[in-house]
Every structure is written in structure tokens, then in C-alpha cells.
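In what follows, every heavy atom counts, from backbone to side chain, and hydrogens, waters and symmetry copies are set aside.
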Amino acid sequence: MSHEVYKLILNSSVEIDLPAAPAFREVEETDAEQVLRVVEGVIGEAAHSPYYSSSRLRFAMIVQLAARYVSTLTSKRARILDVGNAPGYLGLALHKAGYQVSGINVTAAWMGAYPSPEVANLFDVKVCDVEKEALPFADGTFDAIVFTEVLEHIAIKNPADILPEFRRVLRAGGKVLFSTPNVCNLSNVIALMKGSNVFWPTEIFFGSTDRHNREFTPAEVKKLFLEGGFKIHEF
């Protein structure tokens with residue numbers, strides 16, 4: 001694609017209804033940045049991996065959201081359920097920020113993804129496939145659920161049928177801290193216009209259990225949670 005076409009897209013007068021960017025402070029100036037530096041001291045070389053590097057801003061934002069919405073929920077140490085806890089980097093950041101974190105993973109194989117057994121032990125990790133099983137926790141156990149970069153992996157069950165379990169294990173007023181890839185982001189739009197697929201190459205897509213089954217638009221995400229009985233505080 002030429003630069004001229006690319007500029008034409010960016011300068012178009014067509015109005016698109018997209019959510020405003022969240023009003024986070026600069027990451028470098030936040031307590032979240034200090035927390036992540038502590039995490040990086042624990043995980044060592046893994047802090048330089050492509051996964052950690054590409055996820056670092058998301059980790060910081062989730063820690064900030066927890067400080068904004070979860071810390072004020074309870075006078076005692078707040079409990080957070082981290083859905084898809086491995087490799088534990090975000091869970092470790094929340095732990096270092098002062099929360100009591102429990103983790104679930106879809107299979108026991110993910111236990112090998114943690115930087116050390118000591119890190120995994122922080123989360124009392126349980127195996128639970130949220131598409132097939134009820135969450136292994138009593139009603140009202142948690143002050144918040146972290147559900148970040150997991151929705152796109154849901155494959156065999158309607159995500160709307162999973163949200164009631166989230167509501168069950170959350171206490172009254174509990175929060176869900178959520179993120180998922182935006183399928184209509186500009187890089188995907190440009191890829192499609194160039195004739196590329198926005199999903200993974202076929203040689204690695206089929207057979208992978210870690211692939212994205214479906215990515216969502218902002219409107220679909222909002223509809224999912226509103227119809228699931230949640231009130232949206234930030235979008």
C-alpha cells in the first residue's frame with residue numbers, strides 16, 4: 001500500500017464511533033511502573049521476551065484500574081481472581097501491589113509456563129476450563145476478576161454463558177478488569193486492504209490450542225457485558 005492511500009485513510013472525514021482512549025496517567029509516572037520494575041527483578045530474562053514486552057503497558061493499565069476500582073471496595077486485603085493466570089506476570093504485579101491473587105488455568109500444562117514454582121505458589125493455582133466447568137470457588141469470594149486477553153480464546157461456548165459464573169463468585173459491587181484485542185483496529189484494517197489475513201498464518205493456526213478463536217469489536221464487547229448484567233465504569 002502506498003503512503004498516499006494510507007494518508008487518505010487517516011485524513012478521511014468519515015466519522016467512526018469508537019470509544020475514547022482511557023485517561024491513564026503516563027505510565028512512567030505511576031505506581032504501576034514501580035510495581036512492574038519489582039516484577040522484572042523477579043522474572044529476570046523473561047522481562048525481555050516478546051510476550052512481556054508487548055504486554056507491559058496492558059499490565060500497567062490493569063494495575064492502575066485495580067488501584068482505581070478495587071482498592072476502595074474493601075477495608076481488608078482485596079481478593080482478585082486472575083482468569084488465565086500463567087505465566088503469572090500480571091498476577092505477580094497485582095500481588096506486589098498488595099492484592100490477594102488466586103489463579104486459574106485451562107490445563108495443568110500451563111504450570112510449566114511460570115518463571116519458578118515459587119511464583120506459581122503465590123496464586124494457589126487451580127485448573128478450570130471456564131467453557132466446561134463452574135469456577136471452583138464459593139459465591140461472593142472475590143472483590144474483582146481479571147479477565148484480560150482471554151475472551152478471544154473462547155471457542156466452544158458462548159461467552160455470554162460464562163459471565164453468570166463471574167457474577168456468582170464476585171461479591172456485591174465486585175469488578176471485572178477486562179481487555180481483549182480490538183479486531184477493527186487500524187493495523188487490521190490496513191492488513192485487510194492489502195489482502196492479508198488479520199489472523200495467524202494457516203501453518204500455525206490450525207492445531208494450535210493457544211490461538212485466537214474470535215476477536216471482537218468494541219460494540220460487541222460492550223453489548224456482551226451490558227446484557228450479562230454488568231454496569232460499565234470505563235470503556
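For residues 218-229, the pairs satisfying salt bridge (charged side-chain N to carboxylate O under 4.0 Å, His left out) are R214-E220, K223-E227, with sequence neighbours left out. Among residue pairs with one or both ends in residues 98-139, those qualifying as ring-ring contact (aromatic ring centres under 6.0 Å, His included) are F137-F142; sequence neighbours excluded. Judged as a salt bridge (charged side-chain N to carboxylate O under 4.0 Å, His left out), not a single pair has a partner in residues 149-162 (not counting sequence neighbours).
Using a cutoff of 4.0 Å between basic side-chain nitrogens and carboxylate oxygens, R56 and E33 are scored as salt-bridged.
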I would like to know whether L135 and L81 meet side chain to side chain contact (heavy atoms under 4.5 Å, CB included); could you show each step before the answer? CA-CA 10 Å; L135 293 171; L81 173 62; 4.2 Å; yes

Hey, mind stepping through F59 and Y52 against ring pair (Phe, Tyr, Trp, His ring centres under 6.0 Å) and telling me if it holds? CA-CA 9 Å; F59 295 159; Y52 184 89; 5.7 Å; yes

Check the pair T202 / F206 against side chain to side chain contact (heavy atoms under 4.5 Å, CB included), numbers first and verdict last. CA-CA 6 Å; T202 54; F206 296 105; 4.2 Å; yes

Test salt bridge (Lys or Arg N to Asp or Glu O under 4.0 Å) applied to E165 and R168, step by step: CA-CA 5 Å; E165 269 298 282; R168 180 184 68 79; 2.8 Å; yes

Is there a side chain to side chain contact (heavy atoms under 4.5 Å, CB included) between I154 and N213 once you walk through the steps? CA-CA 6 Å; I154 301 299; N213 180 66; over 6 Å; no

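Rounded to the nearest 0.5 angstrom, H95 NE2 and L122 CG are separated by 4.5 Å. L151 contributes atom CG, which lies 8.0 Å from atom CD1 of I162 (distance to the nearest 0.5 angstrom). For the atom pair L170 CG and I145 CD1, the distance stands at 4.0 Å (nearest 0.5 Å). Atoms OG1 and CG, on T148 and D82 in that order, are 8.5 Å from each other to the nearest 0.5 Å. Atoms CG and CG, from L36 and D31 in turn, are 11.0 Å apart once rounded to the nearest 0.5 Å. For the atom pair NZ of K96 and CG of L92, the computed distance is 6.0 Å after rounding to the nearest 0.5 Å.
Aromatic pair F199/H212: ring centres not closer than 6.0 Å. Checked against the 6.0 Å centroid threshold, F225 and F178 count as a close aromatic pair.
Residue G229 comes nearest to R167 through the heavy atom pair CA-NH1, 3.7 Å, listed as atom of the first residue, atom of the second, then distance. Counting all heavy atoms, side chain and backbone alike, V150 lies closest to V83 at CG2-O, 3.4 Å. In this structure, P218 and F235 approach most closely via the heavy-atom pair O-CZ, 3.1 Å. Summarising the geometry of V70 relative to A144, their closest heavy-atom pair is CG2-CB, 3.6 Å, with the distance given to 0.1 Å. What you find for G91 and N85 is that their closest heavy atoms are CA-ND2, 4.1 Å. Nearest heavy atoms, G228 versus L163: CA-CD1, 4.1 Å.
Only one option out of R171, Q100, R79 pairs with D143 in a side chain to side chain donor-acceptor pair (under 3.5 Å); it is R171.
Side-chain contact between N182 and E215 is absent, with no heavy-atom pair separated by less than 4.5 Å. P159 is listed as a side-chain neighbour of F216, based on a closest heavy-atom distance under 4.5 Å.
With hydrophobic clusters built from ILVMFWY side chains whose heavy atoms lie under 4.5 angstrom apart, F230 shares a cluster with I232. Cluster membership check: V183 does not share its hydrophobic cluster with F147, using side-chain heavy-atom separations under 4.5 Å among Ile, Leu, Val, Met, Phe, Trp and Tyr. In the hydrophobic cluster analysis, where Ile, Leu, Val, Met, Phe, Trp and Tyr join through side-chain heavy atoms closer than 4.5 angstrom, L226 is grouped together with L224. Criterion: ILVMFWY side-chain heavy atoms under 4.5 Å apart, direct or through other members. Under it, V125 and V146 are part of a common hydrophobic cluster. In the hydrophobic cluster analysis, where Ile, Leu, Val, Met, Phe, Trp and Tyr join through side-chain heavy atoms closer than 4.5 angstrom, L90 is grouped together with M111.
Atom CD of E45 sits in a sparse spot, with 12 or fewer heavy atoms from other residues, nucleotides or ligands closer than 6.0 Å.
Side-chain N or O atoms of N105 include none that pairs as donor or acceptor with a backbone N or O of T107 at under 3.5 Å. Using a distance-only test at 3.5 Å, with no hydrogens or angles considered, a donor-acceptor pair links the side chain of E131 to the main chain of I156. With S53 contributing its side chain and S49 its backbone, the two residues share a donor-acceptor pair below 3.5 Å. Judged purely by atom type and a 3.5 angstrom limit, N188 has no side-chain atom pairing as donor or acceptor with the backbone of C184.
Ring planes of Y89 and Y51: tilted class, angle from 30 to 60°.
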